[in-house]
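See below for the structure under consideration.
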Amino acid sequence: MKIIEYSFLAFFLLLPLVLADLRVGFYNATCPQAESIIQKVVQKQFATDSSITGGLLRMHFHDCFVRGCDASILIDSTPKKPSEKSAGPNLTVRGFELIDEAKKSLEAACPSTVSCADIITLATRDSVVLAGGQSYAAPTGRRDGLVSNPDDVNLPGPTFSVSEALQSFTAKGLTLNDMVTLLGAHTVGLVHCNFFEDRLSDFQGTGSPDPSMDPALVAKLSKLCAAGKNPTTFLDQNTSSTFDNQYYNQLLLKRGILQIDQELASDNSTTGIVSGFASNGVRFSQSFATAILKMGSLQVLVGNAGEIRKNCRVFNPK
Ligand code: HEM
Ligand SMILES: *[C@@H]1O[C@H](CO)[C@@H](O)[C@H](O)[C@H]1NC(C)=O
Ligand SMILES: *[C@@H]1O[C@H](CO)[C@@H](O)[C@H](O)[C@H]1NC(C)=O
Ligand SMILES: *[C@@H]1O[C@H](CO)[C@@H](O)[C@H](O)[C@H]1NC(C)=O
Ligand SMILES: CC(=O)N[C@H]1CO[C@H](CO)[C@@H](O)[C@@H]1O
């Protein structure tokens with residue numbers, strides 16, 4: 001009787017730490033330094049380039065939305081065998097060198113133990129915290145996938161409507177609230193002109209800029225984009241490298257950069273979520289931690305599935 005009670009108790013106490021067979025501290029016994037090794041690499045990079053937070057968050061999203069969080073995004077294309085990196089939306093994913101550096105240190109400390117998929121997850125978490133976001137315990141134990149195919153890359157695009165974008169999130173088991181929360185990652189990072197230029201002059205064939213963009217921002221971005229070869233600007237025009245709720249405040253000021261960002265403020269299914277986060281930064285931070293843990297557990301490989309890659313850019317030789 002006692003044993004049964006205790007195991008019930010243990011089950012409910014441990015439940016929050018376990019997501020889809022992942023466990024907080026999965027490497028406690030096999031590589032106790034794993035999380036601190038990754039954190040050091042991220043700290044070093046962040047000190048010289050705080051924009052790495054944007055790179056890693058987007059990498060984590062693109063990894064998890066294509067075949068689950070299995071590091072399929074890290075595989076290099078070869079002339080004979082193109083990988084996910086050869087698909088259109090990959091083009092500007094960045095941060096691969098940081099993952100390589102972490103992997104190198106981890107292989108030296110504990111060979112063939114820590115997966116590349118977990119490195120992306122933990123490095124993303126650490127970079128969010130350095131940018132001012134809330135910390136959270138990230139369950140680990142993901143294994144690396146054996147497939148990386150450009151034809152699998154089917155991500156939502158910046159001109160999608162809210163309901164179109166929602167379809168790709170619900171297909172992964174994520175909710176409307178998760179989607180609006182995760183798009184809050186656009187509080188950091190960079191965006192190239194080609195993703196929003198259509199809003200600046202002849203929006204949807206009207207001959208005018210997108211009326212949902214602040215005319216002062218239209219003027220600023222038109223000047224920027226005309227001046228270079230597909231230059232970048234910040235997704236959050238106020239606090240561009242701080243992980244905070246200013247993204248949502250900018251949307252309320254008609255200063256969202258991507259069409260999908262700005263639509264979140266006007267679509268009647270999401271406008272309430274946007275104003276809620278805009279007025280409560282703590283609630284956004286907490287919701288983000290929950291939502292990104294959910295995203296990080298999508299279709300993960302665990303147990304003996306997949307492999308632990310030795311080099312994150314190539315599958316292990318057979
Ligand atoms: C409907 C869903 C989404 C769409 C259409 C979308 C679209 C885009 C586009 C077009 C860019 C610009 C890329 C560039 O110019 O290099 C971008 C950047 C970015 N996205 Fe998203 N995104 C979505 C969801 C997400 C989610 C869920 C996350 C993470 C949780 C995320 C994180 C980022 C970050 C951090 C950047 C900046 C990248 C950098 O600094 O290099 N996005 N996104
Ligand atoms: C690893 O250690 C941490 C901190 O002591 C603990 O919270 C966690 O449950 C441990 N995880 C495993 C799988 O042993
Ligand atoms: C920019 O962000 C700061 C810090 O959160 C805030 O106090 C300020 O009101 C924001 N400014 C604009 C123009 O949104
Ligand atoms: C949004 O608007 C449509 C019609 O314009 C209405 O049918 C729907 O109930 C509204 N949804 C919410 C959440 O207000
Ligand atoms: C980072 C990376 O590998 N990007 C690739 C994305 O795909 C294009 C082809 O569509 C390649 O040229 C890029 O190198």
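Computed from a prediction, not measured in an experiment: that's the story for all the values here.
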Evaluate side-chain contact (heavy atoms from CB on, under 4.5 Å) for Arg58 paired with Val93, printing each intermediate quantity in order.
CA-CA 7 Å; Arg58 185 158 180 251; Val93 174; 4.0 Å; yes

Find out whether [X] and [Y] are in side-chain contact, i.e. whether some heavy atom of one side chain is under 4.5 Å from a heavy atom of the other.
| X | Y | result |
| --- | --- | --- |
| Phe169 | Pro156 | yes |
| Gln262 | Leu258 | no |
| Leu22 | Val302 | yes |
| Leu122 | Gln39 | no |
| Thr140 | Arg142 | yes |
| Arg143 | Asp70 | no |

Side chain to side chain donor-acceptor pair (under 3.5 Å) assessment of Ser287 paired with Thr181:
CA-CA 7 Å; Ser287 301; Thr181 308; 5.1 Å; no

Walk me through it: do Thr121 and Asp63 pass the test side-chain contact (heavy atoms from CB on, under 4.5 Å)?
CA-CA 10 Å; Thr121 308; Asp63 185 32; over 6 Å; no

Set out, in order, the CA-CA distance, both residues' side-chain angles and the distance that settles side-chain contact (heavy atoms from CB on, under 4.5 Å) for Leu200 and Cys225, then state yes or no.
CA-CA 10 Å; Leu200 303 179; Cys225 295; 4.2 Å; yes

Indicate, with yes or no, if the rings of Phe288 and Tyr136 have centres closer together than 6.0 Å.
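No; Tyr136 has its ring centre 6.0 Å or more from that of Phe288.
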
Could you check, using the six-membered ring where one of them is a Trp, whether Tyr247 and Phe277 have ring centers closer than 6.0 angstrom?
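That pair fails the under 6.0 Å test.
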
Just do the side chain to side chain donor-acceptor pair (under 3.5 Å) check on Thr175 and Asn177 with the steps written out, would you?
CA-CA 5 Å; Thr175 64; Asn177 202 68; 5.3 Å; no

Within the 3.5 Å criterion, strictly below it, is a donor on [X] or [Y] matched to an acceptor on the partner's side chain?
| X | Y | result |
| --- | --- | --- |
| Asn238 | Gln246 | yes |
| Thr233 | Gln237 | yes |
| Asp244 | Thr187 | yes |
| Arg67 | Ser148 | no |
| Thr30 | Thr113 | no |

Cation over ring face, Lys85 and Phe96, 6.0 Å, 45°
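Pair Lys85/Phe96 counts as cation-pi.
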
Neighbour count >12 (heavy atoms, 6.0 Å) for atom CG, Asp49
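Yes, because the 6.0 Å sphere around CG of Asp49 holds more than 12 heavy atoms from other groups.
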
Does any pair with a residue in residues 255-283 pass salt bridge (charged side-chain N to carboxylate O under 4.0 Å, His left out), and if so which ones, sequence neighbours excluded?
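Every salt bridge (charged side-chain N to carboxylate O under 4.0 Å, His left out) pair that includes a residue of residues 255-283, provided the two are not neighbours, is Asp214-Arg255.
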
Which pairs pass salt bridge (charged side-chain N to carboxylate O under 4.0 Å, His left out) with one or both residues in residues 174-192, sequence neighbours excluded?
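Qualifying pairs: Asp178-Lys294.
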
Check for a donor-acceptor pair, side chain of Asp210 on one end and backbone N or O of Phe203 on the other, with a separation under 3.5 Å.
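No.
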
Please confirm whether the backbone N or O of Phe65 pairs with a side-chain atom of Lys172, one donor and one acceptor, at under 3.5 Å?
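Answer holds: yes.
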
Working note: Ile119 + Lys103, criterion side-chain contact (heavy atoms from CB on, under 4.5 Å); need CA distance, chi angles, decisive distance, verdict.
CA-CA 8 Å; Ile119 299 175; Lys103 184 62 180 175; 3.7 Å; yes

Under-4.0 Å salt bridge between Glu35 and Lys40
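Looking at Glu35 and Lys40, the cut-off is not met.
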
With side chain to side chain contact (heavy atoms under 4.5 Å, CB included) as the test, pick out the partner of Leu74 among Arg309, Glu84, Arg313.
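For Leu74, the side chain to side chain contact (heavy atoms under 4.5 Å, CB included) test succeeds with only one of Arg309, Glu84, Arg313, which is Arg309.
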
